[in-house]
Amino acid sequence: MPVLIAKIALSAATFAIDKPYDYLIPAELAELSPGVRVIVPFGAGNRRTEGIVLAVETAENLDKRLKSILACLDEEPVLTDEGIRTALWMRERWFCTVYDAVRAMLPAGLYYALQDCYRLADGIEKEAALEAAGRSKYERQVVELVSVRQSGLEAAQIREAFGTKDPGPALRSLLGKGVLALETSAARGVGDKTEKLISLAIPPEEALAQVTPKRKTAPLRYAVVELLAGIGEAAVKEVCYFTGAANATIRSLEKSGLVTITEQEVFRRAGPDHVEPAGPVKLNREQDAAFQGLNAMAEAGTAAVALLYGVTGSGKTQVYLRLIEETLKRGKTALTLVPEIALTPQLMAIYTAHFGDEVAVLHSSLRAGERYDEWKRIRTGKAQVVIGTRSAVFAPLERLGLVILDEEQEGSYKSENVPRYHARDVAKYRAQRNGALLVLGSATPSVETMYHARQGDYRLFTLARRYNERELPAVFLADMKEELQAGNTSPLSLPLRQALEENLKRGEQSILFLNRRGASRMVTCVHCGQVPSCPRCSAYLTYHSANHRLMCHYCGHSEPMPDSCPDCGGALEFVGAGTQRVEETLKELFPDVEVMRMDADTVTASQSHEKLLARFREERIPILVGTQMVAKGLDFENVTLVGVISADQGLYLDDYRAGERTFSLITQVVGRAGRGSKAGRAIIQTFTPENDVITAAARQDYDHFYEQEIGLRKVRNCPPFSSFFVITVSGAEEGQTLRVCAMLRDTLLGWLGAEPYRGFSCQVLGPAPAAITKVNNRYRYRLTLMAENIRLFRALVAHLVRCAQADRKNRGVSITADIDPMN
DNA sequence: AGCACGCCGACT
DNA sequence: GTCGGCGTGCTC
C-alpha cells in the first residue's frame with residue numbers, strides 16, 4: 001500500500017547533521033504541500049521541532065521506522081518552489097542549514113513560538129500518577145506541579161519551579177509511563193518589537209530606604225532605584241545604559257518587589273509621508289541611451305547582469321523608474337534593493353509617488369505586523385514593485401523581471417549573521433532562475449563588479465554627466481602632518497577652521513563628516529599610557545558622554561568613567577577624533593554657534609535622523625557634525641562647505657577593501673557637496689595627502705582608482721581573483737581553540753594533497769587570532785583560505801566544518817565558515 | 001546540539 | 001533503589 005512521505009528541513013538540525021529528513025504524512029494531512037511548515041518529533045527524545053516541507057513523495061513499501069508529522073502550521077505554503085530551491089542553494093553556498101535560510105526568507109510576523117504544555121494523561125488521577133512516579137522525588141514534584149490545573153502546565157513554568165535542576169528526565173520518564181500527556185501549541189505573532197519598561201513598584205522613599213543600607217555592597221541596586229525615583233518610568237535598556245546594571249540586577253529588584261516591569265510595543269515607524277503622484281519620467285540623452293540598452297536586455301527574457309555606472313548626481317533613479325515601468329507593462333514584477341532605508345528615504349518617496357499602491361516596502365524598522373502585511377501583499381500579487389533592504393531580496397515576487405541593486409558596493413548587503421549571505425549573489429541567483437535582468441547601480445562600483453563589467457560578464461552602461469551639469473566643489477587637501485608639526489593637535493586643521501569661519505560670516509551652513517571607524521573615542525592615561533579595556537573582550541573601552549561611562553562595543557560591558565587612571569592615578573585624556581570630540585572642539589572655537597551632532601548616540605527613536613536633518617535645514621543650524629548619515633544633508637541648498645575630518649581613518653587597515661571603502665566615501669561626499677547655486681568647497685583632512693586613493697577620490701577619478709586597485713588585487717590574489725573562505729573557531733579556552741584551529745588546517749592541507757583536490761590552488765593562512773581575539777570571554781581564531789569559489793571547494797570546506805563539529809574532541813568550541821566576510 | 005543509554009560510585 | 005557524572009552514538 002503506497003504511503004505519502006514528506007522531505008522536511010528541520011529547525012533543530014545543526015549544520016553538521018542538516019539534510020532533508022523523511023516523515024510519514026498522516027491521513028488527515030494528505031493535502032500537505034511543499035512550502036508549508038510543520039511540527040515533527042525529532043531525536044531520541046522526540047522533542048517537538050519546527051520544519052518546512054521541501055517535497056512530497058509517494059513510496060510503495062512503508063518503512064516502519066519513519067515517524068509521523070504531528071501538525072501543520074500553515075494553510076498556504078509560505079515558500080514558493082523558487083523559495084525552496086533558493087533555501088537549498090543557500091545551504092550549499094553559505095554554509096548554513098536549510099532552515100537558517102528559510103528563517104531569513106520569512107517575515108518576523110510569520111514566526112511561531114512552539115510551546116510545550118504538560119498535563120495529566122486522560123483518565124489518570126493524581127494518586128495514580130504519584131504511584132507511577134514511585135520513589136523518584138523529581139517525578140513526584142512534576143506530578144504535584146502539573147495536577148494543580150486541569151489544563152496542565154507550560155514547560156517553561158515547570159523548568160522555573162525546578163530551578164537549576166533539569167526536569168527533562170523526569171518529564172520523559174512520566175511521559176513514557178503514560179501518566180503525562182504533552183501538547184505542543186504554536187503561538188503566532190510573537191515577532192513584534194517590544195520594549196521592557198521599568199518603574200518603582202512602591203513609593204520612591206520606601207524603595208530608597210530599602211536599598212540605602214546596602215548602598216556599599218549593592219551599588220547597582222541603589223543606582224537603579226535612585227534613577228527611577230528621579231525619573232519615574234523608563235526603558236530597562238536605558239536604565240542599564242545609564243547605571244551599568246546588568247539584567248540580573250533588574251530581575252532581582254523585580255523579585256524583591258521593588259520594581260515592576262511591563263512590556264510595550266515599540267512604535268518606530270514614521271508615518272508614511274503623503275506623496276503626490278509624480279509626472280512621467282523624463283530622461284536626458286545619456287540616461288535614455290542607458291535605459292534603451294538595459295530595457296532591451298530585460299525584454300529579451302534571458303538572465304543577464306548589467307552595471308549602471310553613473311557618477312553622483314547623474315540620475316540613476318530615473319533610469320530605474322523607466323525600467324520598472326516597462327517591466328510592469330510586460331506583466332512582470334520588479335525588485336529594488338537599497339543599502340540602508342534610513343539613508344534612502346527619498347528613493348522610497350519617489351517610488352511611492354510613481355507606483356502608488358503597487359509598491360511594497362520592506363525594511364528593518366517596520367513593525368512585525370507591518371512587515372507581515374507587506375509580505376502578504378507581495379505574496380498575493382497585490383504589490384508588483386518591491387523596495388527594501390538586504391532581506392527584501394527574498395521578497396516572494398512571482399514572474400520576477402527586474403532586480404535593481406542600488407549602491408551595489410555597499411557592505412550592508414552582506415549579512416553578518418547566519419545565514420551570512422550576500423544580497424548581490426542571491427539577487428543574481430534569482431535573476432538567473434527567473435530569466436530576469438539584474439542591474440547593479442553605483443557611482444563607485446566595487447572593484448569586483450567593475451572587473452566583471454570590463455571582462456564582459458556584465459554589460460556596462462555609463463552615466464558620466466552630472467544631472468543639470470552642476471559643478472563639482474573645489475577640493476582642498478589639508479595635510480594633517482603639517483598641522484601636527486605646527487603644533488595643532490586639535491581635530492580641525494587651520495584651513496578647515498578658516499573655511500568654517502568664512503561660512504559662519506556668510507550665513508552659510510557647513511557639514512563635518514567623520515568616518516564611522518573614527519567615531520569612537522578612547523581614554524588614555526597621560527602618565528602611564530594605560531588604555532582601559534574590557535574585562536571580557538580584548539578591546540578598548542569607549543567613552544560615552546551621554547552617561548559618562550566607558551563602554552565595550554563588542555559585549556556591552558560598561559563601567560563608570562574613573563576620575564583618574566586606576567593603575568597609577570595619573571590624569572586621563574581622550575584620544576581619537578570622535579564626533580563628540582569634534583563637537584567639543586567646535587564649541588570651544590565658536591562658543592556662540594549652534595552645533596548639531598548626528599551619530600548613533602544622538603539618533604534615537606524619537607530623534608530620527610530625518611527629523612534631525614529637517615531641523616538642520618529649516619533652522620539653518622550653522623554646523624553639523626556626524627558619521628555617514630550626514631551625507632544626505634549635503635544636498636541642501638545652503639550647505640557650501642563639507643569637511644572630511646579624518647580621510648585616512650580605515651584606509652591603512654589590514655583589509656583589502658579599505659581602499660575601496662575610503663574612495664567610495666570621499667567620492668560621494670565630495671560629489672554630493674555644493675548642489676545648490678552657490679559654489680561649494682570640500683576640505684579633506686589627511687595625514688597622507690599624497691596617497692593615491694585620496695587624490696583620486698578628490699579628483700573624482702574612478703578609472704584611475706580602479707586601475708591601481710585591480711593591479712593590487714591581482715598581485716595579492718584578492719577578490720575578484722579569488723575568494724576568502726574564513727573558518728572561525730571560538731571557545732572559552734584559548735589553548736583548545738587554537739589547537740582545534742591548527743587541527744583544521746592540518747586536515748585541510750592533507751585533503752588538498754589528495755584527489756580530487758590535488759593541484760587546486762588554495763592558499764591557507766593561519767591559525768591567526770581574530771582582530772578582536774576575545775569577545776565575551778570567548779577566544780576566536782581563524783583560518784583564511786584564498787581559493788576560487790567553486791562548488792567543489794565549497795563542498796570541501798563544508799565537509800571540513802561538519803567533520804570538526806561532529807568530533808567529540810571539539811566539544812565546547814564552535815566552528816563556523818564564511819565567504820568574503822566584511823571584516 | 002540534544003538526548004538516551006550504559007556504566008560506575010555514592011548515598012541511604 | 002535512586003541520583004549524579006561521564007563517555008558514546010544517533011538524529012527520518
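Values below: all heavy atoms of this structure, side chains included; hydrogens, waters and symmetry mates excluded. Each chain gets a letter, A, B and so on, in the order the sequences are listed, and its residues count up from 1.
Looking at A:Asp22 and A:Lys19, no side-chain N of the basic residue comes within less than 4.0 Å of a carboxylate O on the acidic one, giving no salt bridge. A salt bridge between A:Arg657 and A:Asp820 is absent, with no side-chain N of the basic residue lying under 4.0 Å from a carboxylate O of the acidic one. Of the charged side-chain nitrogens involved, at least one lies within less than 4.0 Å of a carboxylate oxygen, so that A:Glu755 and A:Arg758 count as a salt-bridged pair.
The salt bridge (Lys or Arg N to Asp or Glu O under 4.0 Å) test applied to A:Arg47 returns no partner, not counting sequence neighbours. Remark: A:Tyr413 engages no residue in a ring-ring contact (aromatic ring centres under 6.0 Å, His included) (not counting sequence neighbours). Under the rule for a ring-ring contact (aromatic ring centres under 6.0 Å, His included), the partners of A:Phe760 that lie at least two apart in sequence or sit in another chain are A:Phe793.
For residues 95-106 of chain A, proximity to DNA chain C is found at no residue, defined as any non-hydrogen atom under 4.0 angstrom from a strand atom.
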B/S/- along nucleotides 6-12 of chain B (protein heavy atoms under 4.0 Å) is -------
Between protein and nucleotides 5-12 of chain C, map the contacts as a letter string: B base, S sugar-phosphate only, - none, heavy atoms under 4.0 Å, written 5' to 3'.
--SBBBBB
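The side-chain heavy atoms of A:Leu54 and A:Leu88, taken from C-beta on, include a pair separated by under 4.5 Å. Side-chain contact between A:Thr97 and A:Thr14: absent, with no pair of heavy atoms (C-beta onward) separated by less than 4.5 Å.
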Derivation and outcome, side-chain hydrogen bond (donor to acceptor under 3.5 Å, both in side chains), residues A:Tyr118 and A:Glu183
CA-CA 6 Å; A:Tyr118 292 91; A:Glu183 262 161 38; over 6 Å; no
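A:Arg802 forms a cation-pi arrangement with A:Phe15, by the criterion of a distance under 6.0 Å to the ring centre and an angle within 45° of the ring axis.
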